[in-house]
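A short write-up of the structure that comes next.
Proteins get letters first, then strands, A, B, ... in listed order; numbering begins at 1 in each. Excluded from the calculations below are hydrogen atoms, water molecules and symmetry mates; all remaining heavy atoms, backbone and side chain alike, are included.
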Protein chains: 2
Amino acid sequence: MKATVPVTVAGLKTACSQCNLVELCLPFGMSENELDRLDELVGARRKIKRQQNLYRAGDPFEAIYAIRAGSFKTDVLLEDGREQVTGFQMTGEILGLDGISTELHSCNAIALEDSEVCVIAYAKLEELSREVEGLQHQFHKVMSREIVRDHGVMMLLGSMRAEERLAAFLLNMSQRFTARGFSAAEFHLRMTREEIGSYLGLKLETVSRAFSRFQDEGFVAVQQKHIRILDNAGLKRLIQHQPCGR
Amino acid sequence: MKATVPVTVAGLKTACSQCNLVELCLPFGMSENELDRLDELVGARRKIKRQQNLYRAGDPFEAIYAIRAGSFKTDVLLEDGREQVTGFQMTGEILGLDGISTELHSCNAIALEDSEVCVIAYAKLEELSREVEGLQHQFHKVMSREIVRDHGVMMLLGSMRAEERLAAFLLNMSQRFTARGFSAAEFHLRMTREEIGSYLGLKLETVSRAFSRFQDEGFVAVQQKHIRILDNAGLKRLIQHQPCGR
DNA sequence: CGGCTGATTGAAGGTTTTCAACTTTTGTGG
DNA sequence: CCACAAAAGTTGAAAACCTTCAATCAGCCG
């Protein structure tokens, strides 16, 4: 560690410039010089154990988080207890953007496994992104990407039937694992059937049944959370060529 | 018009500092000085006739738009023709944020009535928001608010039943009309039952039936697109105290 | 190893969709 | 300005899809 870098808790200081997640994370597309400046910004890392909250709805908003290791879900709770999972996040993805609007977090972020995040103080981010054009631009892209992703989820929830939703979900997971250097065809889901169901607007039994049908039809091999995709094209066809639903 | 302001098409130059939508729009919360700078940014206005596109999915992204008058819907189309309405936008709201991520628009924006928008060149916005802190902050808030709104829609689509969705929709519209100085209890919807249905993940017949039931139960008086809310609290109760749906 | 959580599967029930007929409103052109 | 066609909205009955309820099975952790 360079002497110029201020020492933080137990040498946990992060350096984006050294991180292998650069291409997936906030720094994507930034120049060498810009990257160096980014290292000023990113504070200590924080470890979150499985099932623990990174933040809760109502918490004051102070930072956004880049997932360094592990994975999360975000959800919104209705007063009567109903839960809606709004997303699953993997390494390199940014959490906490919901808090900017009211300066309070509006959803819960919960680790699906033991995880680690880089803490990015939001005040500092605004400050630095006024100076570093690449950072500003990239940050805007990250927010916009989240909006586009949300529209995709609305499409799922509003216009697709159960099996289409699950197929789209699996293809999306596959693609994101691929981007992280993992197998596109074989992966391990960190979330339960109930969480998948909540995300897709389905009951867990419906998710389970859809998995079984996919297995029967030879699209995938399912063993609990372990998924092997056998017919990628078949899943894609499923999404587009089904009557309708609602 | 001041001589220092560059003259654009037919004197259509907008001045945020003069606009009565300030409190609802991008400039909200900015200081007098900051507002003056904002006037540099906002280009000509553009009129969009009913049913016309402000932009289409795939169009190159160059600007975001502030709705000066009228209203819009945004939607995403699936290859097989299915449409998902992702939102309805009213005066003061910002359109086009979806385009930042890929520099191509990812959805369609269509005027629900003859409308007018202020064109905000995105490159200029980034430039100016590096100089004007209040603008930067406000722009981030606008994007974050969109993300939070989207989560709310996911909740609707994923966890609520037909009547709950429509109740939530009506209450949301009422609140937004109120914010614009219109009656909270009586308003005119600019979209069809089919568009409402698409937004809520329901078929138009289901929307129509839900309207009829609300009328029978005395929650609202419905006459085609004209809505009168008779029992606001009743609608609110509907949202929280229903068994479940899916 | 036992108890727990998570997952699977079947049968019955419910909500929403589909199909269809009909009414009302809107828009256009004579 | 009326007439008429097209679009939008309403309503009923049947069907489809998903949920609910229930029982069973599998895997995991202490």
Atom-to-atom span, CG of Leu200(A) to C1' of dT19(D) - whole angstrom: 15 Å
Axis bend over the full length of the helix from dC1(C)-dG30(D) to dG30(C)-dC1(D), computed from five pairs that close each end, to 10 degrees: 50°
Any Ser212(A) side-chain nitrogen or oxygen under 4.0 Å from OP1 or OP2 of dT9(C): yes
Check ion pair Glu116(A)-Lys47(A) (N to O, under 4.0 angstrom): yes
Least distance between heavy atoms, Leu156(B) atom then Ala168(B) atom: CD2-CB, 3.6 Å
Polar side-chain contact Arg209(A)-dG10(C) base: donor and acceptor under 3.5 Å: yes
Side chain Thr178(A), main chain Ser174(A), donor-acceptor under 3.5 Å: yes
Spacing of Met160(B) atom CE relative to dT15(C) atom P, expressed in whole Å: 16 Å
Check: protein-nucleotides 4-7 of chain C nitrogen or oxygen pairs below 3.5 Å:
{"unit_1": "dA7(C)", "atom_1": "OP2", "unit_2": "Arg193(A)", "atom_2": "N", "d": "2.9"}

Ring centers of Phe88(B), Phe72(B) separated by less than 6.0 Å: no
Atom pair distance, as rounded to whole Å: CD in Gln223(A) and P in dC28(D): 10 Å
Test: Glu163(A) and Arg209(A) ion pair at under 4.0 Å: no
Whether Gln84(A) side chain and Ser198(A) backbone form a donor-acceptor pair below 3.5 Å: yes
Atom pair distance, as rounded to whole Å: CG in Leu112(B) and P in dA8(D): 12 Å
Between C1' of dT18(C) and NZ of Lys203(B), the distance in whole Å: 9 Å
Gap between atoms CD and C1', on Glu205(A) and dC17(D) respectively (whole Å): 14 Å
Interatomic distance where CG belongs to Leu202(A) and C1' belongs to dT15(C) [whole Å]: 14 Å
Separation of atom CZ in Arg190(B) from atom P in dT25(C), rounded to whole Å: 17 Å
Neighbour count above 12 (heavy atom, 6.0 Å) for Glu194(A) CD: no
Minimal non-hydrogen separation, Arg68(A) against Cys118(A), with atom names: CB-SG, 4.1 Å
